[in-house]
Amino acid sequence: MTNKYIYFIANWKMYGDLKSVNSLNKVINFTKKYKKKKFKLIYCPPYTLLESFYKKIKRTKIELGGQNCHFEPSSGPYTGSISPTMLKKTGAKHVILGHSENRNEGETEQQINKKINSSVKCGLKVILCIGETLVQKKKKKTKQILLRQIIKGLYKIKNLNNITIAYEPVWSIGTGVVPSNHELEKNIKTIRNILKKNIKFKRPKVLYGGSVNIKNIRNLARIKDIDGFLIGGASQNAKKFIDIVKKTII
Ligand code: PEP
């Protein structure tokens, strides 16, 4: 780990109800207690909870993000969707895009690129998820996949400083399996090289996501050149989430 701010992004996926907002109390107290430490917490609850979460965290150091959005910047005839402008109005500052669970449901590289473009233009910071599937890994195509997802996703995106990359090997999400430190270091380095050489993005933030939990975090936190973690399952439990942060930064 570096001496920079370490990011912890809580992706709640399609979980949580109004009662879960109270679980933030513990996390808020934790951030107050450790306010001198260099870390940032970003909660990405389902759309239905964004406003309630915002009310709770607006005077704290915790920030809010959406889990996806439409590529239309403001409004339009898109049933079931929410635009970057709508997200911003809830108090969200961030949006997760290109998550493998959405790619898996048919989200294309072109749509992801359009979503990134509108989100950045609307003033949101984007967390772009990339990563190979198990089949791609076995066929030794990881580098090729990362290159394609980065180049297509960030095609013609200006203001790259509003983009954070989350490396999330698909085979690691929700499976309890994490890459070895060697493999993770190698892939993070590949991502940084691609960003630098192919799109002139010199100082990107690169996070890791996939089955991060209280048992593996100490080991993951040793990995060089990671700016933080995107955490799904374990982030829905305040105590586990706090423990993960503590084990990384204290
Ligand atoms: C995720 O959904 O991005 C994720 C990393 O999930 P989990 O931590 O549950 O593997």
Side-chain angles (χ1 to χ4, degrees), residues 6-16 20 23 27 39-50 53 62-69 87 92 94-107 112 115-116 119 124-134 136-137 142 145-146 149-150 153 163-181 183-184 187-188 191 204-221 223 226-248:
I6 304 297
Y7 288 73
F8 298 87
I9 304 186
N11 174 16
W12 274 31
K13 311 193 186 210
M14 199 170 71
Y15 294 98
S20 17
S23 70
V27 185
F39 66 97
K40 284 197 195 292
L41 305 187
I42 301 166
Y43 266 86
C44 302
Y47 298 141
T48 50
L49 296 178
L50 281 167
F53 268 54
I62 302 172
E63 294 181 3
L64 190 66
Q67 295 174 17
N68 197 358
C69 66
L87 265 187
H94 308 262
V95 60
I96 296 174
L97 292 173
H99 194 284
S100 61
E101 284 156 8
N102 295 324
R103 292 181 192 257
N104 200 26
E105 293 209 333
E107 186 179 53
I112 295 168
K115 289 177 182 193
I116 297 175
S119 298
L124 288 169
K125 291 185 190 286
V126 169
I127 300 131
L128 170 62
C129 300
I130 58 171
E132 79 287 359
T133 63
L134 190 57
Q136 290 161 342
K137 171 181 147 74
T142 300
I145 297 299
L146 297 176
Q149 291 178 340
I150 291 173
I163 312 289
T164 294
I165 303 292
Y167 171 54
E168 300 210 299
V170 182
W171 48 274
S172 192
I173 297 179
T175 59
V177 185
V178 294
S180 68
N181 287 21
E183 187 176 6
L184 200 42
N187 290 342
I188 299 276
I191 291 168
K205 285 194 279 294
V206 183
L207 317 180
Y208 167 73
S211 295
V212 174
N213 62 35
I214 47 174
K215 290 194 184 126
N216 58 29
I217 187 63
R218 279 235 195 265
N219 192 38
L220 289 169
I223 291 170
I226 286 191
D227 295 285
F229 301 95
L230 200 166
I231 304 155
S235 71
Q236 290 150 37
N237 177 304
K239 187 178 173 322
K240 285 186 186 163
F241 190 48
I242 292 170
D243 275 354
I244 288 173
V245 180
K246 266 191 186 166
K247 287 185 179 188
T248 314

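In listed order, ligands and their atoms are each counted from 1.
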Asker: Could you list which atoms of ligand 1 come closer than 4.0 Å to a heavy atom of Gly210?
Answerer: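 Answer for ligand 1: 5 (C), 10 (O).
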Asker: Do you know which of Asn68, Leu128, Leu124 makes side chain to side chain contact (heavy atoms under 4.5 Å, CB included) with Val95?
Answerer: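 Among Asn68, Leu128, Leu124, the one meeting side chain to side chain contact (heavy atoms under 4.5 Å, CB included) with Val95 is Leu124.
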Asker: Distance to 0.1 Å, residue and atom name: give those for the protein heavy atom nearest to atom 5 (C) of ligand 1.
Answerer: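 Nearest protein contact, heavy atoms only, for atom 5 (C) of ligand 1 is Glu168 OE2, 3.1 Å.
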Asker: Considering the heavy atoms of Asn11, write down every atom of ligand 1 situated less than 4.0 Å from one of them.
Answerer: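 Checking each atom against Asn11, I get 1 (C), 2 (O), 3 (O).
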Asker: When you look for heavy atoms under 4.0 Å from ligand 1, do you find them on the side chain of Leu230, its backbone, both, or neither?
Answerer: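 Both of them.
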Asker: With heavy-atom distances below 4.0 Å as the criterion, list the atoms of ligand 1 near Gly232.
Answerer: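 Answer for ligand 1: 4 (C), 5 (C), 6 (O), 7 (P), 8 (O), 9 (O).
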Asker: If you measure from the Lys or Arg side-chain nitrogens to the Asp or Glu carboxylate oxygens, is any gap between Glu63 and Lys125 under 4.0 Å?
Answerer: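 Between Lys125 and Glu63 there is no salt bridge, as every charged N stays at least 4.0 Å from the carboxylate O atoms.
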Asker: Does this structure show an ion pair linking Glu168 with Arg103, if we count only N-O contacts that are shorter than 4.0 Å?
Answerer: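 Salt bridge: no.
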Asker: Going by the order shown, which atoms of ligand 1 are within less than 4.0 Å of some heavy atom of Gly233?
Answerer: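 Once the distances to Gly233 are compared, the set is 7 (P), 8 (O), 9 (O).
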Asker: So does Lys13 have more than 12 non-hydrogen atoms from other groups sitting under 6.0 Å from NZ?
Answerer: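 Correct, the count exceeds 12.
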Asker: Side chains of residues 206-217: which donor-acceptor pairs under 3.5 Å do they make with residues two or more places apart or in other chains?
Answerer:
| unit_1 | atom_1 | unit_2 | atom_2 | d |
| --- | --- | --- | --- | --- |
| Tyr208 | OH | Ser172 | OG | 2.8 |
| Tyr208 | OH | Gly210 | O | 2.7 |
| Ser211 | OG | Ser172 | O | 2.6 |
| Ser211 | OG | Thr175 | N | 3.2 |
| Ser211 | OG | Gly176 | N | 2.7 |
| Asn213 | OD1 | Lys215 | N | 2.8 |
| Asn213 | OD1 | Asn216 | N | 2.8 |
| Asn213 | OD1 | Asn216 | ND2 | 3.4 |
| Asn216 | OD1 | Asn213 | N | 2.8 |
| Asn216 | ND2 | Ser211 | O | 2.8 |

Asker: Report, one line per pair, each donor and acceptor closer than 3.5 Å where one atom sits in a side chain of residues 233-241; sequence neighbours left out.
Answerer:
| unit_1 | atom_1 | unit_2 | atom_2 | d |
| --- | --- | --- | --- | --- |
| Ser235 | OG | Ile231 | O | 3.0 |
| Ser235 | OG | Gly232 | O | 2.7 |
| Asn237 | OD1 | Lys239 | N | 3.0 |
| Asn237 | OD1 | Lys240 | N | 3.0 |
| Lys239 | NZ | Asp243 | OD2 | 3.0 |

Asker: Can you report which non-hydrogen protein atom sits closest to atom 1 (C) of ligand 1, along with the distance?
Answerer: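 Among all protein heavy atoms, the one nearest atom 1 (C) of ligand 1 is His99 NE2, 3.3 Å.
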